[in-house]
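Right, one structure below, let's go through it.
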Amino acid sequence: MVPADQGSGVMRADLLAETIAGLDEALAAVDAFDQALIGGLLRPQPAQAAELAELADAVAGTPLAAEVAEAAEKAAAGAASEDHFAALAAARTALLGSVHDALMTRVEEATGRTPGDEAARAPGEQRGANLLAAARSWLSDLARSGWRGIDHDVVSASAQVVSAMLPDPALRRLAALLDGFAAELAASCPGTALERIPARRWADLWSRAMLLTLPGAADAPEAGTATGRLLPLGVDVHEHATAVQAQVHAVFEPADGAAPRLVRASVSAPKPDSIVGAGLWQLLRPHMSLLAAVSEGRSMDLADMPITAEGDLIWSDEHARSGEPADAFATARVALPAATAPATAPLDRHPARIAVPVFLEGYAAEMDGDALTFAVAGYRLAVDADRIPAAGPLTPEAVAASSACIGLLRWDSGTFSVQPLAVETIKRKKAVAVHAGGWAGGTTDKAGVKAEKAATDAAAVLRERAGRLLRK
């Protein structure tokens, strides 16, 4: 990232520091509603009534105004129905969507990138109306009990609904959300004993689930196909105790000569908690040949690869083959500035979902206490080193010594930050590129080999134990 007068296609970091009108007010209204949910809406207190009114006031003058005003009034009186809770969830989601859109407008100004057009959504077949109603009833009961009032009886009431939903592919998205949400709540019971409540997170999950129970909310845009050249930029790794996902960010150049666009390709796998670090790739490699291409620095040639309107490739190895060498930093310098950003689905318009590929160069890496920042044209951009995965050779030390960076621009707690995916740095007096996904396709690096061997041994032990159980 360099100052704006040093050429085209360069990110204007200074624009990220400018205030966005109305953003703080929208977030304050969301926070007010989230506070109201903590104590529950069965017998609301005056403070909760004021918090509900703040949410309603924030959407006054919009198409939601009358419905949300009524819902806030009924909820403040402890008489809210399921439809009223759905209206409150819609208002909260709309406010966060407006925050997302305002932030993305600022990012587009800073990067000079053109936003993609939103695809028309095809109405889906309405299925499982009774199950959707049952899920909505459970979520309404959660809102009435509040996070302080949750107990195992309240939370476990979702189990039967989830079990009935899971076999139906059309309901599986909501079922997975409800299952994970319920598990998180169950692990926190009783609510009265909690020292800290993740109010924003649980309200996010509650609102999203509530809207997914409404007709048409889960309808997806018609998927298309992609034929052309895929140029990987980097890999973002998401790891949990029982699952792992690798998401490859890339530039796609259509074979028909259309404008290049940003796309993503993801692969997920369940995992035991004993497999960590570089061992994660053993779980993911068999499902996606793209990981080998990333590790080798190669492009991929795609033929009729399914792709969503939001730019997510529905990866299938039979639609891809390995292509020519393609350096990620060359892609970032040449192809990334001209790439069109994908559209964002309405329910995905949330500040936490912002992860925009950017290329930074010419910065000065500085330590601010324990925090690393990139100083660019008078603006200090925070570096989110905590997101650097242990499953690759990239380290905070390499980032601190770097001169160029491919990363994901994110926003959290009122500020923008960059999550490094790859950096150019100096090692043994030579310029080298270090990638977070450098071990995705295998490695000869000593640390990587050691971690892979440990994961292999752990997997062998687990298989042997599973075999014993089956033999019994």
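Put simply, the side chain of E51 gets close to the backbone of A36: a donor and an acceptor are under 3.5 Å apart. The closest donor-acceptor contact from the side chain of H435 to the backbone of G437 lies at 3.5 Å or more, if one exists at all. At least one donor-acceptor pair under 3.5 Å links the side chain of R106 to the backbone N or O of E18. Within the 3.5 Å criterion, the main-chain N or O of V154 finds a donor-acceptor partner in the side chain of W138. Between the side chain of T395 and the backbone N or O of A398 there is at least one donor-acceptor pair closer than 3.5 Å. At least one donor-acceptor pair under 3.5 Å links the side chain of T227 to the backbone N or O of D304. Of the possible donor and acceptor atoms, one in the side chain of T111 sits under 3.5 Å from a partner among the backbone N and O of R113.
For F374, the ring-ring contact (aromatic ring centres under 6.0 Å, His included) partners two or more places apart in sequence, or in a different chain, are Y363. When the salt bridge (charged side-chain N to carboxylate O under 4.0 Å, His left out) test is applied to E70, no partner is found at least two apart in sequence or on another chain. Taking the side-chain hydrogen bond (donor to acceptor under 3.5 Å, both in side chains) definition, one finds that S289 meets it with D317, sequence neighbours left out. Considering only residues two or more places apart in sequence or on other chains, S137 meets the side chain to side chain contact (heavy atoms under 4.5 Å, CB included) condition with E82, D141. Not counting sequence neighbours, S316 has no partner by the side-chain hydrogen bond (donor to acceptor under 3.5 Å, both in side chains) test. Partners of H287 according to the side-chain hydrogen bond (donor to acceptor under 3.5 Å, both in side chains) rule, which considers only residues two or more places apart in sequence or in another chain, do not exist here. Partners of D101 under the salt bridge (charged side-chain N to carboxylate O under 4.0 Å, His left out) rule, at least two apart in sequence or in another chain, are R349. Under the rule for a salt bridge (charged side-chain N to carboxylate O under 4.0 Å, His left out), the partners of E253 that lie at least two apart in sequence or sit in another chain are R229. Applying the salt bridge (charged side-chain N to carboxylate O under 4.0 Å, His left out) rule to R333 yields the partners E361, E424; only residues at least two apart in sequence or on another chain are considered. Checked against side-chain hydrogen bond (donor to acceptor under 3.5 Å, both in side chains), D312 has the following partners two or more places apart in sequence or in another chain: R264.
Looking at D236 and R410, a side-chain N of the basic residue comes within less than 4.0 Å of a carboxylate O on the acidic one, giving a salt bridge.
Looking at heavy atoms from C-beta onward, V399 lies out of side-chain contact with T425 at the 4.5 angstrom threshold.
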Solution key, residues 177-186 side-chain donor-acceptor pairs under 3.5 Å, sequence neighbours excluded:
from: E184; atom 1: OE1; to: R201; atom 2: NE; distance (Å): 3.3
from: E184; atom 1: OE1; to: R201; atom 2: NH2; distance (Å): 2.9
from: E184; atom 1: OE2; to: R201; atom 2: NE; distance (Å): 2.7
from: E184; atom 1: OE2; to: W202; atom 2: NE1; distance (Å): 2.9

For residues 23-32, which side-chain N or O atoms pair as donor and acceptor with protein atoms under 3.5 Å away, sequence neighbours left out?
from: D31; atom 1: OD1; to: R200; atom 2: NH2; distance (Å): 2.7

